[in-house]
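See below for the structure under consideration.
Just so we're clear, the structure is a prediction, and the values are computed from it rather than from any experiment.
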Amino acid sequence: MISLPTLTKDSILDNLKRRFKAELVYTYVGDIVISVNPFKNTGCVGKGIRAKYKGGARTHLPPHIYALVDQTYNTMVRDNRSQSILISGESGAGKTEAMKICLTFIAEASQIKGQRVADEVAPRLMMTNPIMEGFGNAKTVRNNNSSRFGKHFDIQFSSNGVILGAVTTVYLLEKPRICQHLEGERNYHIFYMLAKAPKPIRDLPSVALTKWENYFILNQKGTVAEVTTWNDEEEFADCHESLFKLGFSNDQRTELYVMLAACLSLGNIKFDAGKEGSEVKDTKLLSRCAEQLQVEPTMILDAITFKTMGGGKISTYKSPLDPLRANIARNSLVMHIYSLCFDWCVQVINDYISVFNAAYCTGVLDIFGFENFATCNSFPQLCINFTNESLHNLFIEHVFKLEQEVYVREEVEWSFVSYEDNQHVIDLIAKRPLCILGLLDEGCTTGSGKDSSVLENCHSTFGSEAKNAKYKAYMKPKKASDKTFIVSHYAGEVIYTIEGFVEKNKDELSADIMALLEVHTRFDQLKQLAQNDSKKKEEAAAAKEAFKPGARRGGGGGGGGGPGLKKKTVGKTFSESLSSLMEKLRSTEHHYIRCLKPNQTLKAGDWDNDFMLKQLAYSGTLEVTQIRKAGLNVRRPLKHFYQYYRICADDPASLRAGTVTKRCELLLKQLAVDPNKYRVGKTLLFLQNNDIIDRLDKVREHRILGLVITLQSFFRMLKYFVAYRKIRRAILRLQGFCKSWEIRRAYIDVRVSARLLQRHARTYLAHKKFQDMLEDLDLTKERKRAILLKILHPERYGKTRIGLSGKRRGRVLLKPGKVKSRDDDGKAEYMEMPKFQVSHEGWLSVRIGKLSKAVKYYVSLKQGTLTLFEDHESLDAVLSYNLAVCELQGYSSPAMRRDVNGLTDLPHLSTTASGKVKPTTSLTVVRKDELYAHKVRGFRAIGRRIKGTLWGSNSIVMEIEPDVQRSVELLATWGDKIEEAMHEAMLVDSYKMQVNLDGEEEDKPVNQKVATIIKEGYMRKRKTGNNKLQDLKRSWERRYCVLYNDGKLRYYESRDKAEEKGSLDLRFFALHEEDEDLEIDDEEEGEERQSLKLANQFFKIEKGKQFGLHSGQKAFFLASPERAVADEWIATLQTTLAILYQKSPIFSQDFLRVSLMDGTFTTMVMDEATRTRDVVRYMCKKHCLNNESEWGLIEQWDHPGLPGGTSERKLPNDELLLDQTVLAWEHAARKRYGLVSMVPQLAFQLVLRKQTSLLPHARTKKEQHLEFCQALADMREGRFTTGNKEEVFELAGLAIFKDLHVGIGDGGEAEDMKEIVLEEGQLTGQLHHYLPYHWFRSLEAKRSPVQKQTVADWDGAVVRAFNDLTRGALDEIHHDGADRFATPTRKIVAAFRMETEMNAVAATRMFIERVRLAPLCFSAQYVAEMWSVDKILKILVVINYGGLHIYRLGASPTLLSTFDFNTLVSWQSMNDMLIINIIYAAKGEVNKRREKLRFLTRESIQMRTLLSRYAEVVLADLVKKMKLEGAHGEATESY
């Protein structure tokens, strides 16, 4: 509503009315929500609507309370700051309903963060409504369910936004209503609900209630019998159940009902004037009340008809009370008992649903609205209006603050018009000593104080003309006889009637009533409540008195709590309660909901303009518009303004600038707008009024009109332009025909000359051939004649070789092969994908090639592949075959041996003279086709086939010693396995997969008889050579590529697929996008340049793209001059490969192996939904690791193949292991190792590592052991870095001490560890376990004597460090500057040695304590993109105890910058971005500068949380260090 062109009362009312008629009950005024009660269900609340507002942008959705609550909740979670929602309005405006909407949305939003906790807490929060409404709400003239108390609902949350509980605080319960209510109203709901409760409850002996009409406090003059929108019976059932579920036992519920029944019975007691004071009319009723309160009747009679006077040094005496004062005493007793019941309900609810470890809270305040009655405004109205004045003052501060924040955020300078707040009204009412409440308390303190004397005192103090300037909000009545005074509130003038002010302000209980409830009663629950209430008041009074300056210490005065407590008034109590509420609200960030009532008839559809205008004044909405109009109230987004109005510029070319801010400034300057009437911010344009917008709209309309005329002219011309282009194309075609005719004539002339030249050349060649044949006597005449005829007439007699060397040969044409096939019946065949079942492995003597020498290899038969390894540990593959394209020779299966009798023509079987099959002594596996089958000319193919079989890699022969029977059986077993595996491989290889490029799964089976085409098209292909020289010789060839669903990629000469040029089996390949651009021929480049010149315009030249298919050392490259075509092929191949890998997966898809830092591993079950967080949770639970959030899963490769060129990375918590990680392993394994069935265990592995160096104390023994192993591994692998090499030796000494101690402890020896002394030379063979690996690798290139001497020096240094740190007492480290020579390790050892003896546990802790401080040790590592000045860098962000470290990605990360926690100022996360504010000084500079670091990563929230946790630990350590230094300084001074 702020964006209305004119902000006036009429415009605001008209806007609200139109929205109300359209059933749009919510409206924004800035960030304030105005809610107009429709008095019916408009369907604007519900689960579906709540879902739209969760995390949604506020500007994209209609105004709603949900949007404000969502913003409040997200601000609390993001900024880690408590929030408040203030709901105010008239009685019946819908405040309670708005509060329910807020609680429902918060409970549902919290369920996303923590489902289990929120499911338990949220229903409890909603159960409080029946109780609080029953005990605190009543029927009034304006509302059927009016809250007669103020309620502050503090919802408690955990650090990650999960709702934990709530605390309810109540303010100013309307006690006079308990004993007396106005006409057209009734008492609190709970009395009527209890009177209409089920008969078993009403008939309880201690309750014994009758009809509600029989009780005076319920049935007075004008009492409403029935409330249309409130059902007492149903509400009591809900309240009765909620009391039990929220902490009341059955006995406690009964006791609560008894107290309420006692209030009803006491209200019926009547008094008559007696001889001394008053007498009770009905003694039976008095006995009934005594029975309910469990006291003697005489005690009740003494408490309400007498008043004990005196005390202290004077003896006490009882003064009788007249009937009027006795009624007052009885009412005080009734009100006090009901107040105790109300406070008890609040206390039990808070004890049941509140927690003590909440991180922050969101408070929802449901407070009474401003009241101004035409008949009588008394003391309660003054308190209510005083509350609204204070909240309005806070509201004005909030609006001014928001308005100022907009200008500061946009970096706009503007001077605000001064606006007077209502602080002077607040001071008039409550700023002691001279205030209305102060003078009222003074009148109550004196026993003879009357209302008239208080009024005269107020008139003389505030109403004199001399003081009228200071107290201008106070006014006297026009008639001196009127017992009233007037206060000018922010919402208007209110006339207060002084009658009853003094009596209502006292609210004090006589000592007799207090003694009755705290001492004499045998009702234990009632006595405990009364005693707790008195004790609470005494403690509050004592605490307040203690903070006053000059307060007296110790006792003095009368007994019982002192006179200050006895004289405490309602006004003073209310002021203190309101002060605490305001203090709580000011400590939070507050949000506002203003509830309005459209009419006083409580009917849907009615609208009262005057009544609404009065409420707008009460709610402060008009002040918001006035404050907004005091500044630049017209605002437009810069981007939208520039795009919308740049058409108005006279010179659009001059508007070019780097930012939209600068472009808007140039635009406004060009349009000659007065600079004093606008300001340009960072994202918004501020205008003083709408006149500028109106003028720009006129200019824009004029410009658009001119453009429309131009466009119309173009379309009128278009018809003739199309005709012109047709004629031009026809002329160009005619010119082309003429030119081609001339070219053809020239071509015919050249062809005639060429044929003449060919004829002479053939004649010359035939003559030379004839001369050569004259010397050849073996040729006959017929043969010579035939040769000469072929030379002279090749078309008629065929071609022949020319020349005498015989080295040239003609081209051999190959017949095209069929890819698609069908049976004779033509029916489709369907089957499930076969799985590999056969696997076998062992050592065999193998010859690679039939003529090669036999070598011992480790042979593995798995997943349809036969692989030879050098050994079974390193798994270095020598050769691997795909058995689907192999043939087994020299072996017969058992079934074939049984049926071979008399058959000697079976292939590959050798028999004896008697026809029996010879025992198998060797197995020959021949590879018939390779992974990359390229069709070459016949002679070359034959040569390769012969070479590959005899001494190449196309055959392997497995041999044994024929005399050894066990070897024969072993080879027979291998033969059976290979034969079965070949059958499986052929089935799997020919299986057609279901490949859907659109991502949707289809249940339709795949026809296994026909291989369908997935994609086809022309591409450029190139195959790599055996060396770089051959690579240079290879050129790109244009081929028609076809991808089939059986996993084969075939390429042909042309689109008709007549001749197949080659094929690939894709399930053994991995796709890789190449960085090299496709080269363009000179002719094509010239044509492009010529076309660009003809176009006479600039065009972007888009280069082609190439990609490769890799399988180990084999590579096949494809490319296209059009990047879009290449991208389509890449996307199709990636999808196809992911599906084809399922045929022969290298890695298990059912089980996952996770390694620990101590060298052990754990195998767990994995499915498609397994994520990283599931694995970490499983490992921590299995190995008893307490701190689950401290651990992370690290993916390690044996080569730098991860994104960014690294060999390890931290897996995000939400990464799917099967779909993302294992699939990446399959891809990388085929690219690196090619056709293999197994890869080394260390090639791809997952390691559980600790990701933080917080090291909490609640660690198990296993956890500490893993931390030590991780720290030792970090030091060996070079992650631990230090400038002092001696410190590495010291850490190695600590690790050796720990291992020695554990070894001796396990062995049972009793030798004292302090007496162990190492000597040089004892650790030489073990140093590689404790020193960095790269130290030893650096020695490999050196001579042997140098290596031995260096290792000996290292051994001596480690031994010296071991003896220095563990033998006896260490040298004392002073704090006067001498410690600069001590390493951090020595300082840590010295600190530990001062607290405990040297043992293995202490050594472990010291070792971990030092290593964790290094940047790359015990650190959380995140791959992110950092925004630099002119580009985005992909970096590695490391967070640990030492701060934030930025590394450049690569095989060995390079440190770019380091920021400790002295440099990091603040950090926040928004969506996927982490923003860090730093303060640092550059090299050579003294002044510090402030900068922002921006990181783009999916784990921004985790990074922010981790930084906050580290900051807390660093701060705690700093405080601890300062305390130790302070203690050390005090000890030095005392010494």
Side-chain angles (χ1 to χ4, degrees), residues 35 37 41 45-47 50 65-66 69 85-89 91-111 118-140 143-156 163-171 173-174 188-194 197 227 229-248 253 256 260 341-354 361-368 593 595:
S35 173
N37 192 349
N41 185 7
V45 294
K47 189 173 183 180
R50 285 195 295 271
I65 292 179
Y66 290 154
V69 180
I85 300 176
L86 280 67
I87 307 173
S88 63
S91 178
K95 300 189 298 297
T96 304
E97 189 65 28
M99 186 175 186
K100 293 179 183 178
I101 292 174
C102 294
L103 296 180
T104 304
F105 187 90
I106 291 176
E108 192 167 312
S110 176
Q111 289 180 353
D119 284 347
E120 297 175 358
V121 178
R124 300 178 188 173
L125 300 182
M126 304 310 298
M127 285 181 188
T128 61
N129 289 328
I131 302 175
M132 301 309 295
E133 288 184 359
F135 281 84
N137 290 17
K139 166 71 173 72
T140 64
N143 188 6
N144 292 336
N145 187 26
S146 176
S147 298
R148 308 315 298 165
F149 68 102
K151 178 169 59 175
H152 188 258
F153 209 67
D154 241 342
I155 307 172
Q156 301 169 318
I163 188 170
L164 301 177
V167 177
T168 303
T169 308
V170 296
Y171 301 95
L173 177 68
E174 188 183 0
Y188 288 103
H189 291 319
I190 188 63
F191 289 121
Y192 302 93
M193 292 161 53
L194 185 60
V227 181
T229 59
W230 182 272
N231 189 307
D232 293 319
E233 292 84 354
E234 295 179 359
E235 295 294 337
F236 179 81
D238 295 340
C239 180
H240 186 73
E241 182 181 2
S242 298
L243 285 171
F244 181 75
K245 291 183 177 180
L246 291 181
F248 280 86
R253 281 191 301 186
L256 180 64
L260 296 174
C341 294
F342 185 76
D343 293 340
W344 186 27
C345 292
V346 175
Q347 177 187 350
V348 172
I349 290 173
N350 287 340
D351 292 341
Y352 193 73
I353 67 175
S354 64
C361 306
T362 292
V364 182
L365 178 64
D366 180 3
I367 204 73
F368 21 66
I593 300 175
C595 297

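- Between F149 and F342, the ring planes lie perpendicular to each other; the angle is over 60°, past the 30° to 60° tilted range.
- Contact check on K100 versus E133 returns a salt bridge, with a Lys/Arg side-chain nitrogen under 4.0 Å from an Asp/Glu carboxylate oxygen.
- Taken from NZ in K47 to CZ in F105, the straight-line distance is 13.5 Å, to the nearest 0.5 Å.
- Between F248 and W344 the shortest side-chain heavy-atom distance falls below 4.5 Å.
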Begin with the C-alpha distance, continue with both residues' side-chain angles, and end with the deciding distance and a verdict on side chain to side chain contact (heavy atoms under 4.5 Å, CB included) for V45 and I101. CA-CA 8 Å; V45 294; I101 292 174; 3.8 Å; yes

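- Between atom CD of residue E174 and atom OG of residue S146 there is a gap of 8.0 Å, rounded to the nearest 0.5 Å.
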Could you walk me through whether V170 and M132 satisfy the side chain to side chain contact (heavy atoms under 4.5 Å, CB included) test, starting with their C-alpha distance in whole Å, then the side-chain angles of each, then the deciding distance to 0.1 Å, before giving a yes or no? CA-CA 10 Å; V170 296; M132 301 309 295; 4.0 Å; yes

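- Taking SG of C239 as the start and CG of L256 as the end, the distance is 8.0 Å to the nearest 0.5 Å.
- Looking at I131 and L243, their side chains come closer than 4.5 Å, going by heavy atoms from C-beta outward.
- Within the structure, salt bridge (Lys or Arg N to Asp or Glu O under 4.0 Å) contacts touching residues 230-239 (residues at least two apart or in different chains) are R186-D232, K196-D232.
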Verdict with reasoning, L365 to K151, per side chain to side chain contact (heavy atoms under 4.5 Å, CB included): CA-CA 6 Å; L365 178 64; K151 178 169 59 175; over 6 Å; no

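- Aromatic ring orientation, H189 versus W230: parallel (interplanar angle below 30°, classes split at 30° and 60°).
- The two residues V69 and C102 come nearest to each other via the heavy atoms CG2-SG, 3.7 Å.
- Judged by distance alone, the side chain of K95 and the main-chain N or O of G89 form a donor-acceptor pair under 3.5 Å.
- Taking all atoms of both residues into account, the shortest heavy-atom contact from F236 to A197 is CE2-CB, 3.5 Å.
- Rounding to the nearest 0.5 angstrom, the gap separating the CD1 atom in I155 from the OG1 atom in T362 is 6.5 Å.
- Across G247 and Y352, no two heavy atoms sit closer than the pair CA-CD1, 4.0 Å.
- V348 places none of its side-chain heavy atoms less than 4.5 Å from the side chain of L246.
- The structure places CD1 of I353 at 9.0 Å from CD1 of I163, a figure rounded to the nearest 0.5 Å.
- Side chains of L260 and I190 form a contact here, defined as non-hydrogen atoms less than 4.5 Å apart.
- Looking at V346 and F135, their side chains never come closer than 4.5 Å, going by heavy atoms from C-beta outward.
- For A98 against I65, the heavy-atom pair with the smallest separation is CB-CD1, 3.9 Å.
- Here CG of N144 is found 3.5 Å from OG1 of T229. Values are rounded to the nearest 0.5 Å.
- Residues R50 and T104 meet the side-chain proximity criterion, which asks for heavy atoms closer than 4.5 Å.
- For the residue pair G134 and M193, the shortest heavy atom distance occurs at CA-SD, 4.2 Å.
- Side-chain atoms of L86 and I593, non-hydrogen and from C-beta on, never get closer than 4.5 Å to each other.
- Looking at residues two or more places apart in sequence or on another chain, you find no side chain to side chain donor-acceptor pair (under 3.5 Å) involving N350.
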Run the salt bridge (charged side-chain N to carboxylate O under 4.0 Å, His left out) check on R253 and E241 step by step: do they pass? CA-CA 10 Å; R253 281 191 301 186; E241 182 181 2; over 6 Å; no

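- Counting all heavy atoms, side chain and backbone alike, N37 lies closest to A93 at CB-O, 3.5 Å.
- Residues L173 and Y188 are in side-chain contact: their nearest non-hydrogen atoms beyond the backbone lie under 4.5 Å apart.
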